[in-house]
Amino acid sequence: MNPSNNHIGKVILAGAGPGDPELLTIKTLRWLQRADVVIVDRLVSPDILRYYTRPDAEIISVGKQNKSEASTSQSGINSLLVEHARAGRLVVRLKGGDVSIFSNVLDELQTLVRHQIPYELVPGITAALGAAAYAGIPLTAREHATAVRFLTGYRPDEIEETYWKELAQTADTLVFYMSSDPLDILVGHLVKHGIAEDRWVAVVEQATTPLQRVTAYPVRDYLAAAAGAQYASPTLIIIGKVAALHADFQWLPDSAGDATYFPSLLKSTVIC
Ligand code: SAH
């Protein structure tokens, strides 16, 4: 009997939240407790795997360090999903943060549909929301911002000059993922296009983990104060009037050391 013909498994595409294991949803927790196989990205707390998966579950780490150096290619990940589901297993594909924000979920969805494998999507707390809460920065605070944008400045050269101008002049809060390496370039563009004096930049390293550290400056002072700074991975950037609120509402003490929370870190941009 070929199990692939008679008993097809299922894939749960789920977000694990940004770091703190308690930010996992109950729904994802329940799927993890049942999963036969967990295929996991790098930016997922090791404690989630340690405490919330079955002792006999197969854990497959497919974390990527950067674009060129994937430990498992996207096509390799797609094949793993198909192989295990075809063998009749319950597979949880666990991604850092939310399942769809700056992720390759589309490739995985297309693969599952192509192979007629049943699936569900379970959202997770994205890094922007985790970092904002744990840094005491309400992203759309009254009289500060009426909208928030999730962006990446990962390839700053690909952003048009007119768009930089718009970003410099908007009252929206800007949250940049995968952008700590080009941060000086980003800030340079915003300053050049006249970003207002009351706009701040908050750099949130290792958000929601015990190693979180937040540094905040008025955007116009950033380059004088911190050009060339190296940040731990992962790091999220929040820009806007709201970023100044960190000074008033910080509740989590900054970590002092240089330790890293997620396994095998490179000090560079991370894509999941
Ligand atoms: N799907 C994820 C984002 C993947 S892109 C989510 O919804 O959060 C990876 C980028 O997310 C990192 O380069 C970083 O900018 C951000 N990120 C993820 N986890 C983070 C954390 N704990 N602290 C700070 N930034 C984080």
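Whatever order the structure lists ligands and atoms in, that order sets their numbers, starting from 1.
Annotation for ligand 1: atoms under 4.0 Å from non-hydrogen atoms of Ala127 are 6 (C), 7 (O), 8 (O), 16 (C), 17 (N), 18 (C), 19 (N), 20 (C), 26 (C). Applying the 4.0 Å criterion to heavy atoms of Val204 picks out, from ligand 1, the atoms 24 (C).
Nearest heavy atom pair, residue Tyr261 against residue Gly19, reads OH-O, 3.8 Å.
The residues Asp157 and Arg155 are annotated as not salt-bridged, no charged nitrogen and carboxylate oxygen being separated by less than 4.0 angstrom.
No N or O atom of Phe102 sits closer than 3.5 Å to an N or O atom of ligand 1. Considering backbone and side-chain N/O atoms, Thr126 comes within less than 3.5 Å of an N/O atom of ligand 1. Taking distance alone, with nitrogen or oxygen atoms compared against 3.5 Å, Ile101 approaches ligand 1 more closely than that limit. Between Thr235 and ligand 1, at least one pair of N/O atoms sits closer than 3.5 Å. The distance criterion of under 3.5 Å between nitrogen or oxygen atoms is not met by Gly97 with respect to ligand 1. Polar contact check, Ile125 against ligand 1: no nitrogen or oxygen pair lies under 3.5 Å apart. Remark: ligand 1 and Pro18 share an N or O pair separated by less than 3.5 Å (distance only, no angle test). Taking distance alone, with nitrogen or oxygen atoms compared against 3.5 Å, Ala207 approaches ligand 1 more closely than that limit.
With hydrogens and angles disregarded, no donor-acceptor distance shorter than 3.5 Å links the side chain of Asp172 to the backbone of Arg149.
The shortest separation from a heavy atom of Thr208 to ligand 1 is not under 4.0 Å, leaving the residue out of contact. Distances from ligand 1 to the non-hydrogen atoms of Lys95 include no value under 4.0 Å.
Under the 3.5 Å distance criterion, with hydrogens and angles disregarded, no donor-acceptor pair is assigned to the side chains of Gln74 and Asp107.
Both Leu252 and Ile137 are members of a single hydrophobic cluster when ILVMFWY side chains are connected at heavy-atom separations under 4.5 Å.
Just one residue in the list Val62, Leu80, Val99, Leu121 forms a side chain to side chain contact (heavy atoms under 4.5 Å, CB included) with Arg93, and that residue is Val62.
Residue contacts with ligand 1, taken as heavy atom pairs separated by less than 4.0 Å, involve Pro234 via backbone and side-chain atoms alike. Under 4.0 angstrom from ligand 1, the non-hydrogen atoms of Gln206 all belong to its backbone.
Ring planes of Tyr222 and Tyr217: perpendicular class, angle over 60° (limits at 30 and 60°).
Within the 4.5 Å cutoff, the side chain of Leu183 has no heavy atoms near those of the Thr235 side chain.
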